[in-house]
Amino acid sequence: MSQTVDRALSILPLLAEGPADLGQVADRLGVHKSTALRLLRTLHEHGLVYRQSDQRYRLGARLFALAQQAVENLDIREIAHPHLVRLNEECGHTVHLAVYEENEVLYIDKVESRYPVRMYSRIGKPVAITVAAVAKLLLADLPDLERRAVVDKLDYPLYTARSTPNAAAFLRELAIVREQGWATDLGGHEESINCVAAPVRGADGRAVAAMSVSAPNVVVTADELLTLLPLVRRTADAISREYSGNTPAKDAV
C-alpha cells in the first residue's frame, strides 16, 4: 500500500512540470502503463488530476483548492511563537512579530524582555511605519508600484533626529533594505531604543511577516545589538522553512 501511495504522489510533481500522457507517466514511475493508468484514475476520481481532450493529464482544480485552503489556514503566529520564545531565552531582549495589513504594520506577537527596562509595545497596535524595522522589511517587499503608492501617502513625523524625514528618503532606505534582506531602527522612533529585524517568507519567497529584537541602549548598545543579527536571521529563516513546509518543526532552530 505504501508503495502505491508513493507512486501516486510521485505523479503530482511530474504534472506540475506540465501535462503528460500515460506513457510519460509510466516511464517516469518505471511501471507498466496499466499500473500508471490505475493510479491516474484514482487521482482523477479525487479531482487531483484532470484528463484533457488530447488524453494528456494535468493537475486538477481540487489540488489547487486544497493548497489555497491550506495556505489560508496557516497561522504564522502559532508557527512563529516557539521560535520567538527560544530567541528571547537566548538573547534576553524583547522579540516582536509583525504583519502588513491594509496599509498598516501590526504587532501580532511579543515576548517580553527579561530585563527590568521594557518596551511598551502592544499586540494589535500599529507600529510607527516610517521608522520601525519590521515595517521597513514588509514595505520593502511590496511590488514597486504598490510600495511607491503606499510611501507617497504616509506622513513622516519626526519622532527623533534619526526619523525618516520624507518619502524620497524612505524609498531610498527601502531599496537598501530590499537588497540586504534585513532592517534596523537605531533610535528612529525612540532615541533610547534600537531594533534589528529579519523577514519571514512564504513558499513563494514573499515576506508574510517580519520579526525583530529590540532593546534600550541602557541595556545594550546599538553595536552590541547588531551582533545579534545573524541569530535573528537564522530564527526568521527557521520560521520561514516551517511556515513553507520545507522542514519538520523539530528541525527548526
Side-chain angles (χ1 to χ4, degrees), residues 76-77 80 84 87-88 91-142 147-200 207-229 231-233 235-236:
I76 186 61
R77 181 182 182 277
L84 306 184
L87 177 60
N88 169 266
C91 72
H93 305 305
T94 301
V95 181
H96 287 108
L97 182 72
V99 296
Y100 178 71
E101 290 184 355
E102 298 181 357
N103 297 325
E104 289 187 323
V105 175
L106 307 170
Y107 289 128
I108 61 170
D109 202 2
K110 177 184 180 182
V111 184
E112 290 280 9
S113 168
R114 64 167 175 252
Y115 297 100
V117 181
R118 296 186 174 184
M119 297 181 60
Y120 293 100
S121 55
R122 296 194 307 272
I123 294 174
K125 180 180 179 181
V127 310
I129 196 167
T130 60
V131 291
V134 289
K136 293 172 187 176
L137 283 164
L138 294 168
L139 295 185
D141 195 67
L142 295 175
R147 182 169 64 253
R148 288 179 178 275
V150 170
V151 167
D152 285 342
K153 294 177 182 178
L154 294 175
D155 295 322
Y156 292 86
L158 296 178
Y159 303 103
T160 75
R162 298 182 179 179
S163 298
T164 307
N166 52 54
F170 199 30
L171 284 171
R172 289 194 296 270
E173 184 170 9
L174 293 181
I176 294 171
V177 168
R178 187 180 179 92
E179 177 67 23
Q180 67 190 14
W182 52 273
T184 62
D185 169 15
L186 303 179
H189 187 219
E190 299 178 58
E191 289 185 353
S192 61
I193 302 293
N194 299 306
C195 176
V196 293
V200 175
V208 296
M211 54 150 299
S212 64
V213 169
S214 304
N217 54 28
V218 296
V219 173
V220 62
T221 67
D223 288 341
E224 290 169 336
L225 189 67
L226 284 169
T227 65
L228 295 176
L229 181 59
L231 177 60
V232 174
R233 298 186 76 179
T235 302

Next item on the list: Please round to the nearest 0.5 Å and tell me the distance separating atom CG of L84 and atom OG1 of T94.
Entry: 12.0 Å
Next item on the list: Drop me the distance from R162's CZ to L186's CG, to the nearest 0.5 angstrom.
Entry: 6.5 Å
Item checked: Closest contact, heavy atoms only, S163 versus P157 -> CB-O, 3.8 Å
Next item on the list: Provide the closest heavy-atom pair for L228 versus C91 in the form atom of the first, atom of the second, distance.
Entry: CD1-CB, 4.0 Å
Notebook entry, point to check: Nearest 0.5 Å, what's the CG-CG distance between N217 and D223?
Noted result: 11.5 Å
Notebook entry, point to check: Counting heavy atoms not belonging to R233, are there more than 12 under 6.0 Å from its CZ?
Noted result: yes
Item checked: Residues, nucleotides or ligands: over 12 heavy atoms within 6.0 Å of Q180 CD -> yes
Item checked: CA sep, side-chain torsions, deciding dist, call: I108, I76, side chain to side chain contact (heavy atoms under 4.5 Å, CB included) -> CA-CA 9 Å; I108 61 170; I76 186 61; 3.8 Å; yes
Next item on the list: Taking the side chain as every heavy atom from C-beta outward, state whether T160 and V131 have any atom pair closer than 4.5 Å.
Entry: no
Item checked: Aromatic ring pairing Y156/F170, orientation class (parallel under 30°, perpendicular over 60°, tilted between) -> perpendicular
Margin query: To check you understand the geometry: which heavy-atom pair defines the closest contact between L106 and G124, and what is its length?
Written below: CD2-O, 4.0 Å
Notebook entry, point to check: Do the non-hydrogen side-chain atoms of T184 and N194 ever get within less than 4.5 Å of each other?
Noted result: no
Margin query: Contact between R148 and L171 at the side-chain level, heavy atoms closer than 4.5 Å - yes or no?
Written below: yes
Check: Rounded to the nearest 0.5 Å, what separation is found between the CD atom of E112 and the CG atom of N88?
Finding: 9.0 Å
Notebook entry, point to check: Is there a side-chain contact between I123 and D109, using heavy atoms and a 4.5 Å cut-off?
Noted result: yes
Item checked: For Y100, all residues meeting ring-ring contact (aromatic ring centres under 6.0 Å, His included), sequence neighbours excluded -> none
Check: To the nearest 0.5 Å, how far apart are CD in E190 and OH in Y159?
Finding: 10.5 Å
Next item on the list: Please report the shortest heavy-atom distance between H96 and S214, naming the atom on each side.
Entry: ND1-OG, 4.1 Å
Check: Can you check whether L139 reaches L142 side chain to side chain, under 4.5 Å on heavy atoms?
Finding: yes
Margin query: For K110 versus S121, what's the shortest heavy-atom pair and its separation?
Written below: NZ-O, 2.8 Å
Margin query: Using 0.5 Å steps for rounding, measure from the CG atom of L87 to the CE atom of M211.
Written below: 5.0 Å
Notebook entry, point to check: Which of parallel (below 30°), tilted (30 to 60°) and perpendicular (above 60°) describes Y115 and H93?
Noted result: parallel
Item checked: For the student: nearest non-hydrogen atoms of A183 and L137, plus distance -> CB-CG, 3.8 Å
